[in-house]
Amino acid sequence: MQAEVNKFPGQIFPNSIWIPLAIAALGAIIGIRVGVVGTAVFFVGYIWLAVVSFPLAATLYIVAAPFPIGLIFLHHKFYVADFMAMVLAFKLFFANVHKGFGGLMDTFFPKPFRWPLLFILVLSVLSLVDSLSRVGTVIKILEYIEFFVVMVAVFRSADKDEKIWNGFFTALFIVVGAVALYGLYQFLFQLGPVYNIVDGHHVRATGFFGQPNPFGAFNEETFPLAVALLTLGPAYLKRGWLVVATIVSALGAVVSYSRGTWVADAAAVFFMLVVILLTKPELAKKFAWYSIGIPVVMFGAIFLLGKTNLSHTALASTAHKNTAERLKSTVTAIIHPTGHFDTNQRLLIWKSAVQAILEHPIIGVGLGNFHLFIQHHPPKGLAAVPPMAHNLYLEWGADLGVGGIIAGLWFEWCWIKNALTLIRRKSRLLPDYWYAALVGAFGSTVAFIVHNWVDFLIDQGVIVPLLISLAVIAAGYNLYRTRSVS
C-alpha cells in the first residue's frame, strides 16, 4: 500500500496570486531606498503568496537564496531567504499538523535520511555545552534546520507533480545561469581581488558568494541535474532551455577555476555514467557526449577568452596560471601537496581541525565554531584565519566531536544508498522523468560529497541544488521504494 504523501497545499497559479506578487514586488522596489519599510511590505506580499500559492512561494526561495540581501545581526548575516523559509515552514506545519506527531515527522524528517539528520541535530544541541560561541551555535542550528529540515520538506511536498518540479528546476537553472554569466563578466574584466587573478588578465569568478569555490559548487551541483534531464528525460521536455542550462552551468564551473569543482563534476559524471551503463546502457552514449563534450568545449572557450585583455590593469601573464596550467595543477596538487600554496594551507587547517577533535572529542567546540578555535590556536605558517575547516568531515569533527564525522558520513551514505537503490531496482519501471531526476540528484550529491573533502559548502545559496536533489531522492523513495511503479 502506498504511503500517504505530503502534497502542496494550494494551487500553483491561481488567479489570486497577482495581488500578493505585486505587493512583494513593490516591497522589493521600496527596499532599494528604504530597507526596513521595503522588507516589511515584501513579507506582507510573500506571506499572502505562500497562503494562495505555496509552490510559487517555494520557487521564489530558490531565486532569492543566492543573493546576499539581508541584514547583520549578532555578527551573523541573515538573508531574506532565511525569513522566506520561516514563512514556508509555518505554512507547511499548519498544513500537516492534523496528522499528529507521526505525520509531522514524516513531513519534516524524510525516512531515507531521518536518523542521521536527527543525530546531527542532537549533536549540535549537545555542542552548546562547551561551545566557544553559544549564540553562533544557536544560529547555525537554526540554519541547518532551515536547510535540511524545512526546505527539503518544502521541495519534497511537490510529490510527483512534474509541473511543480519543472518550476523548481527552471528557477534553479535561471538563477544559476544569471550568476554564471555575472561570473563570466567578472572573469573577463578582472573584477575581483588580486589574489584571484588567473591567466594574467582575469580573475576567478565569485558571483555573489565572495569566494570562487562556493560559486563553482553552485554551478557544479546544478550541472548533473541539467545534463541528466537533457539526456535521460522524457521526449516531451523542451530541450532548448536544458541545453542552455547545461552549457551555462558548465561554463560557471569552469570559470570558477576551482579545482574542487572540476574534480567534483568529473566524479559526478563518471559515477552517473556507470549507473546509466548498468541500468539503461542505450542512453549512455548520448549522456557521455553531452556530459563530457560540453565541459570540454567550455574549457576550450575559457582558455581562448583567457588570452584577451579587457581590464588593462593586469599583472604579467606569466604571473598566474592559465586554464590549462590550472587544470594540470589539479593533479600535481594531489601528488605534491606541499608544493602548492592553497593545498599546503589546507593541510595546516586540517592539522588544526584534528587538534580540535583531539582536545574536544565528545561534544566538540560548538557547531560553526571551528573558526574561533583556529583563531585562538593558529598553526605555524597559516597565512590567514579561515572561516571553516575546508573539509566537511573535519569541520563537523571539530564542531561536534568524533560523532560529527560519523554523522556526516552516515548522512551522505543514506543519500547515495537510497538514490542508487531506487535507480537500480526500478530503472525499467520508473517514468523517464523520475529516472532522469534521480540520476541527476545522485550526481549532484556525488559532486557535493567529493568537493566537501576540500571545502565546506553548507551555506545560503550554494546549498540549494543539493537540497533540491535530496528532495528528489526523498520524494522518489516515498513514491516508488515499496510499490510497483505506475
Side-chain angles (χ1 to χ4, degrees), residues 105-129 137 140-141 143-153 155-156 217 221 264 267-268 271 275 350 353-354 356-358 360-370 388-425 438 441-459 463 465-478 481-482:
M105 285 293 291
D106 287 341
T107 298
F108 290 100
F109 293 90
K111 290 180 181 178
F113 335 119
R114 176 176 298 173
W115 296 113
L117 177 54
L118 286 170
F119 187 33
I120 291 167
L121 294 177
V122 168
L123 289 174
S124 299
V125 172
L126 290 175
S127 74
L128 282 165
V129 174
T137 294
K140 275 295 178 184
I141 292 172
E143 191 174 73
Y144 280 31
I145 291 173
E146 173 190 337
F147 295 156
F148 297 115
V149 178
V150 173
M151 291 316 302
V152 172
F155 297 140
R156 182 173 72 105
E221 292 170 23
F271 286 109
V275 168
W350 296 344
V354 171
I357 295 169
L358 293 175
H360 304 267
I362 307 301
I363 55 176
V365 299
L367 184 66
N369 284 340
F370 168 71
M388 35 69 174
H390 284 283
N391 181 297
L392 182 148
Y393 317 96
L394 292 178
E395 173 83 18
W396 279 0
D399 286 355
L400 306 175
V402 174
I405 300 174
I406 297 171
L409 294 172
W410 184 14
F411 199 23
E412 293 177 345
W413 165 248
C414 288
W415 307 346
I416 297 300
K417 174 180 177 293
N418 285 287
L420 289 180
T421 297
L422 282 168
I423 296 167
R424 179 173 59 86
R425 292 184 181 178
L438 284 165
F442 165 73
S444 184
T445 58
V446 168
F448 176 89
I449 291 168
V450 171
H451 195 162
N452 275 267
W453 282 105
V454 294
D455 276 303
F456 183 74
L457 299 166
I458 300 178
D459 205 355
I463 196 72
L466 176 71
L467 301 183
I468 294 174
S469 297
L470 296 185
V472 168
I473 296 169
Y477 180 98
N478 195 61
R481 179 75 163 84
T482 57

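- Judged by distance alone, the side chain of W350 and the main-chain N or O of V454 form no donor-acceptor pair under 3.5 Å.
- Taking both residues in full, the closest heavy atoms of A353 and L394 are given as CB-CB, 3.8 Å, listed atom of the first, atom of the second, then distance.
- V152 approaches A471 most closely through the heavy-atom pair O-CB, 3.7 Å.
- With a 6.0 Å radius and a threshold of 12 heavy atoms from other residues, nucleotides or ligands, I362 has its CD1 atom at or below the threshold.
- The nearest pair of heavy atoms linking E395 to A389 is OE1-N, 2.7 Å.
- In this structure, the side chains of R114 and D106 come closer than 4.5 Å at one or more pairs of heavy atoms.
- Aromatic ring centres of W415 and F442 lie farther apart than the 6.0 Å criterion allows.
- Of the inter-residue distances, the one linking L409 atom CG with C414 atom SG reads 11.0 Å to the nearest 0.5 angstrom.
- The aromatic rings of W453 and Y393 sit tilted relative to each other, their planes meeting at an angle between 30° and 60°.
- Residues Y477 and L422 come closest through the heavy atom pair N-CD1, 3.4 Å.
- Atoms CD1 and OG1, on I423 and T421 in that order, are 9.0 Å from each other to the nearest 0.5 Å.
- A distance of 11.0 Å separates CD1 of I458 from CE of M388, quoted to the nearest 0.5 Å.
- The structure places CG of L400 at 9.0 Å from CZ of F119, a figure rounded to the nearest 0.5 Å.
- Residues F109 and V149 form a side-chain contact, since some pair of their non-hydrogen atoms from C-beta on lies under 4.5 Å apart.
- For the pair A356 and A398, the tightest heavy-atom approach, listed with the atom from each and the gap, is CB-CB, 3.8 Å.
- Partner of L117 under the side chain to side chain contact (heavy atoms under 4.5 Å, CB included) criterion, chosen from Y144, F411, F108: F411.
- A donor-acceptor contact shorter than 3.5 Å is absent between the side chain of D455 and the backbone of H451.
- Atom CE in M151 sits 7.5 Å away from atom CG in L467 (nearest 0.5 Å).
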**Request:** Determine, stepwise, if the pair D459 / E143 fulfils side chain to side chain contact (heavy atoms under 4.5 Å, CB included).
**Result:** CA-CA 8 Å; D459 205 355; E143 191 174 73; 4.1 Å; yes

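- Although no hydrogens or angles enter the test, the distance criterion places no donor-acceptor pair under 3.5 Å between the side chain of R156 and the main chain of G476.
- A donor-acceptor pair under 3.5 Å links the side-chain atoms of D399 to the main chain of F370, judged by distance alone.
- Here the two rings, on F113 and F148, have centers that are 6.0 Å apart or farther.
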What's the verdict on side chain to side chain contact (heavy atoms under 4.5 Å, CB included) for F448 and L470, showing C-alpha distance, side-chain angles and the deciding distance? CA-CA 11 Å; F448 176 89; L470 296 185; over 6 Å; no

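- To the nearest 0.5 angstrom, L457 atom CG is 4.5 Å from N452 atom CG.
- Side-chain atoms of S127 come within 3.5 Å of backbone N or O of S124 as a donor-acceptor pair.
- In terms of heavy atoms, A419 sits closest to I473 at CB-CD1, 3.9 Å.
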